[in-house]
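Computation of the quantities below employed the complete heavy-atom set of this structure, encompassing side-chain atoms and omitting hydrogens, waters and symmetry-equivalent molecules. Every chain is numbered from 1 and lettered A, B, ... according to where its sequence line falls, protein lines coming before strand lines.
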Protein chains: 2
Amino acid sequence: MHTSHAADPIALLREAGLRVTDSRVAVIAALADLPHSGVDAVMGAVSRTLPQTSRQAIHNVLTDLTHAGIARRIEPAGHPGLYELRVGDNHHHIVCQRCGAVADVDCVTGHAPCLTPSTTSGFDLTEAEVTFWGVCSACKAAQAEPAGASAS
Amino acid sequence: MHTSHAADPIALLREAGLRVTDSRVAVIAALADLPHSGVDAVMGAVSRTLPQTSRQAIHNVLTDLTHAGIARRIEPAGHPGLYELRVGDNHHHIVCQRCGAVADVDCVTGHAPCLTPSTTSGFDLTEAEVTFWGVCSACKAAQAEPAGASAS
DNA sequence: ACTTTCTTTTGACGGCGTCAAAAGAAATGG
DNA sequence: CCATTTCTTTTGACGCCGTCAAAAGAAAGT
């Protein structure tokens with residue numbers, strides 16, 4: 001009866017009042033395995049166990065999970081949407097400008113909205129989203145070794 | 001009446017080594033007039049003086065200006081790209097979750113990258129992008145008066 | 001088991017942006 | 001002043017990503 005730990009898909013779904021289906025369990029498992037996955041990556045992972053699953057179903061499930069508060073969608077500029085299960089801890093992201101890889105960054109202050117703008121221009125503030133941009137270690141290595149390296 | 005501080009489209013283009021064409025001058029004028037404009041808005045503004053201008057030309061010009069450092073492109077999640085002339089002052093934005101309106105927010109610390117993540121996961125950090133989300137005053141007013149309101 | 005409700009499949013569609021080829025306009029050199 | 005090179009703009013097609021909508025299928029309530 002305690003609120004569940006990260007990776008019990010069935011409990012997460014039940015608590016959210018969503019039906020427990022194979023697709024949803026598989027999508028949650030995929031996100032637990034590969035955070036910051038897009039529809040394609042989730043599709044690939046789900047297809048290994050449920051090969052008939054449609055792309056639209058992946059979209060549906062990810063949208064449902066997001067609305068239910070189980071998943072969170074991020075959308076770095078110039079990239080398709082990505083999903084992760086870490087929710088409600090107000091963390092941020094660092095995105096590689098070369099390959100688009102994403103890593104988590106713990107919030108600087110620890111609680112939302114974590115920043116206060118100097119002037120709000122009459123807006124009611126809901127949240128502050130911080131995206132760091134940089135170059136990941138893999139891309140740094142690829143740049144340092146121009147040729148001959150085993151790249152992925 | 002204008003001080004040199006205001007953007008002079010022709011000077012900006014010359015300094016960047018770009019040819020001075022009607023389209024480019026018109027796009028810069030449009031952005032000076034309406035910051036945070038998308039391709040559609042710029043197109044509408046430019047069409048008033050250069051009605052034959054193609055949408056692709058707007059894309060080209062905006063991309064050229066961005067690469068030249070004259071304009072900056074922002075891309076709030078779920079919205080098409082927006083452009084502004086304010087460049088290099090490391091300011092941020094607040095976006096209305098209802099209507100997508102964007103306002104500028106001066107940087108909290110005043111200089112890039114303005115924030116340092118606690119853990120960089122091996123990334124070389126380039127910049128920190130902060131997007132505030134909230135509800136603009138117009139949408140707040142619209143919500144307060146559910147029916148019979150005059151034109152927005 | 002029957003009916004209602006929710007989920008998934010299937011196919012089409014739309015926004016937004018890019019690519020590429022051809023036509024047009026500005027700078028350069030004779 | 002004309003010819004050449006270079007850059008800009010037009011035109012049309014295409015692709016990615018996501019949404020919409022209708023029909024088929026599976027789960028829950030009585």
Side-chain angles (χ1 to χ4, degrees), chain A residues 9-10 12-28 30 36-47 49-68 70-83 95 99-100 102, chain B residues 9-10 12-28 30 36-47 49-68 70-83 95 99-100 102:
Chain A
I10 296 178
L12 284 172
L13 290 168
R14 290 239 161 83
E15 283 169 24
L18 292 174
R19 285 188 186 170
V20 178
T21 67
D22 290 349
S23 312
R24 285 175 176 164
V25 172
V27 167
I28 293 174
H36 315 122
S37 288
V39 169
D40 274 3
V42 172
M43 178 93 178
V46 169
S47 294
T49 52
L50 302 171
Q52 82 292 359
T53 309
S54 69
R55 188 168 304 266
Q56 180 65 53
I58 306 291
H59 275 284
N60 289 344
V61 170
L62 288 170
T63 300
D64 292 345
L65 295 179
T66 301
H67 288 153
I70 295 173
R72 175 183 168 195
R73 177 192 169 101
I74 63 170
E75 200 176 315
H79 297 272
L82 303 175
Y83 296 84
V95 184
C99 71
V102 176
Chain B
I10 296 177
L12 284 171
L13 290 168
R14 289 237 162 83
E15 283 168 26
L18 292 174
R19 285 189 187 167
V20 178
T21 67
D22 291 347
S23 312
R24 286 175 176 164
V25 171
V27 167
I28 292 174
H36 316 121
S37 287
V39 170
D40 274 2
V42 172
M43 177 92 179
V46 170
S47 294
T49 51
L50 302 171
Q52 83 292 359
T53 310
S54 70
R55 188 168 304 266
Q56 182 65 51
I58 305 292
H59 275 284
N60 290 344
V61 171
L62 288 170
T63 300
D64 292 345
L65 295 180
T66 301
H67 287 153
I70 295 173
R72 176 184 168 195
R73 176 192 168 100
I74 64 171
E75 199 176 314
H79 296 272
L82 303 175
Y83 296 84
V95 185
C99 71
V102 176

**Item:** Non-hydrogen side-chain atoms of R14(B) and V20(B) separated by less than 4.5 Å
**Value:**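 SC-SC contact between R14(B) and V20(B) confirmed.
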
side-chain N/O [X] vs [N] OP1/OP2, d < 4.0 Å:
X: S54(B); N: dT9(D); result: no
X: T53(B); N: dT9(D); result: no
X: R24(A); N: dT7(C); result: yes
X: T21(A); N: dT8(C); result: yes

Whole angstroms only, please: what is the [atom1]-[atom2] distance between [X] and [N]?
X: Q52(B); N: dA23(C); atom1: CD; atom2: P; result: 19 Å
X: E75(A); N: dG15(C); atom1: CD; atom2: P; result: 17 Å
X: L82(B); N: dG17(C); atom1: CG; atom2: C1'; result: 14 Å
X: H79(A); N: dG17(C); atom1: NE2; atom2: P; result: 15 Å
X: D22(A); N: dA27(D); atom1: CG; atom2: P; result: 8 Å
X: D40(A); N: dG15(D); atom1: CG; atom2: P; result: 16 Å
X: H59(A); N: dC17(D); atom1: NE2; atom2: C1'; result: 7 Å
X: L13(A); N: dT7(C); atom1: CG; atom2: C1'; result: 13 Å

**Item:** Sole candidate of R19(B), R73(B), R24(B) that passes salt bridge (charged side-chain N to carboxylate O under 4.0 Å, His left out) when paired with D64(B)
**Value:**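 Testing each of R19(B), R73(B), R24(B) against D64(B), the sole residue satisfying salt bridge (charged side-chain N to carboxylate O under 4.0 Å, His left out) is R24(B).
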
**Heavy atoms from other residues, nucleotides or ligands near NE2 of H79(B) exceed 12 (cutoff 6.0 Å)** =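 Yes.
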
**Candidate pair Q52(A) and L50(A), rule side chain to side chain contact (heavy atoms under 4.5 Å, CB included), full reasoning** = CA-CA 6 Å; Q52(A) 82 292 359; L50(A) 302 171; 4.0 Å; yes

**Request:** When you get a sec, tell me which of dC6(C), dT9(D), dG17(C) is the closest nucleotide to the side chain of V61(B)?
**Result:**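 Nearest to the side chain of V61(B) among the choices is dT9(D).
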
Assign [X] to base, sugar-phosphate, or nothing according to its heavy-atom contacts below 4.0 angstrom with the strands shown.
X: R73(A); value: sugar-phosphate
X: N60(B); value: base
X: G38(B); value: nothing
X: V20(A); value: nothing

**Item:** Nearest heavy-atom neighbours spanning A16(A) and I70(A)
**Value:**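 For A16(A) and I70(A), the tightest heavy-atom pair comes out as CB-CD1, 3.8 Å.
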
**Request:** Could you tell me whether the side chain of Q56(B) has a donor or acceptor atom within less than 3.5 Å of a complementary atom in the base of dC19(C)?
**Result:**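 Yes, a donor-acceptor pair under 3.5 Å.
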
